[in-house]
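Counting starts at 1 for both ligands and their atoms, in listed order.
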Amino acid sequence: MSAPRDWDSLGFALNPTAHMFVAETDSTQGAWPAGSLRPFGDLTISPAAGVLNYGQGIFEGLKAMRNQQGEILLFRPWENAKRFQQGAESLCMPAVPMDYFLQAITAVVKANHQFVPPYGKGSLYLRPCLWGTGEILGVGPAPAYTFVVYASPVGAYYKQGLKPIRVLVSDDYHRAAPLGVGHVKCIGNYAGTLLSLKAAKAQGYEGCVYLDAKHSRYVEEVGTANFFCIQDGVLYTPKLGSILPGITRDSIIHLAKTEFQMPVQEIDIPVEQVQRADEAFCVGTAAVVTPIGAIAYRDQITTFQGGAVGPLTQRFYARLTAIQQGDAPDPFAWVMKVD
Ligand SMILES: *Cc1c(COP(=O)(O)O)cnc(C)c1O
């Protein structure tokens, strides 16, 4: 398998790479035998696998990208490793040790280095997965597990500068319940958002904003990205609970507090407060920092910055991506070099 030559045509679609990492354990406690790199391809799985029947599975997403010198960088991969461990525990799966996780993703990056796009042309998206692959008929933890890391080159998210999106507040569907698994990157959280996203797209919106399931009043997140808004120089973001604790979210909060001298409020944000905001944006590994140009709630459409990119949104984007691609000093030691 050869690396793509036309880096500019890459979007966020699967472009398989040469190698993936696979490890299997029949321990439900967490002893992980050495895994191995093998050619990317299909896995054999029983129809009675726990993951297929009862959704016992989690995933991660992170990007490897090149700096101007051509070296390959990962952004805060320790945080992905930690979240992956916590997710495994939430779903009664044997946790993958941090070092093991980091060695596996590093091995996948190295084995597929020719698929890491040149500086500025995108990244190699890494997808670690943990599935209950053992057979089980009654509901219960599967007797065996598979840890896989595969990769795909993806394009730069913004080829011509930041582009604000229009989002619709979902009034008919919630993403996650209090005391549920909304904070876990578990596979079962995503299929349930497809119908509301489809409805939003049919109405001309690019994303769905979910409200909290208890009051149906407070903004939770935007599909697969965390929500932020800014009013009078204060940065607001929904507090942790049923939302996914994003690593990009944490990084933005950190930049706001330490470098931008902005007060940060992690609170319940009613939709009406969002409608009064000066700027809004959402963040995630895939979405980076995506400005929200307009938000629709019931029959009210609110436009931010006349639909243009807000100045602070632009600043967050510039600062975050400069650190991620190695263009600026990394005062928080967020970047790991793969060598
Ligand atoms: C992965 C994800 C995010 C973003 O998390 P990052 O760690 O920043 O990539 C936000 N919301 C949901 C639901 C997610 O699955």
Could you label the plane-to-plane angle of the F228 and F281 rings as parallel, tilted or perpendicular, counting under 30° as parallel and over 60° as perpendicular?
->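 Plane angle under 30°, so parallel.
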Determine the interplanar angle of the Y100 and F21 rings, folded into 0 to 90°, and report it as parallel if under 30°, tilted if 30 to 60°, perpendicular if over 60°.
-> perpendicular
Could you identify which residues cluster with V271, counting Ile, Leu, Val, Met, Phe, Trp and Tyr as linked when any side-chain heavy atoms lie under 4.5 Å apart, either directly or through a chain of such contacts?
->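 V271 shares its hydrophobic cluster with I165, V167, V169, V209, L211, V219, V222, F227, V234, Y236, I267, I269, V274, I292, I295, Y297, F304.
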Mind jotting down which protein residues get a heavy-atom contact under 4.0 Å with ligand 1? Chain and number order, please.
->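 Residues R83, R175, K185, Y190, E221, G223, T224, A225, N226, L244, G246, I247, T248, G284, T285 each place a heavy atom under 4.0 Å from ligand 1, listed by chain and number.
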For the residue pair G284 and A225, what are the closest heavy atoms and their distance?
->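 Minimum heavy-atom separation between G284 and A225: N-CB, 4.4 Å.
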Kindly give the heavy-atom pair with the smallest separation between P311 and Q305, and that separation in Å.
-> CD-OE1, 3.6 Å
Measure from the ring center of Y190 to the ring center of F59 and say whether it is less than 6.0 Å.
-> yes
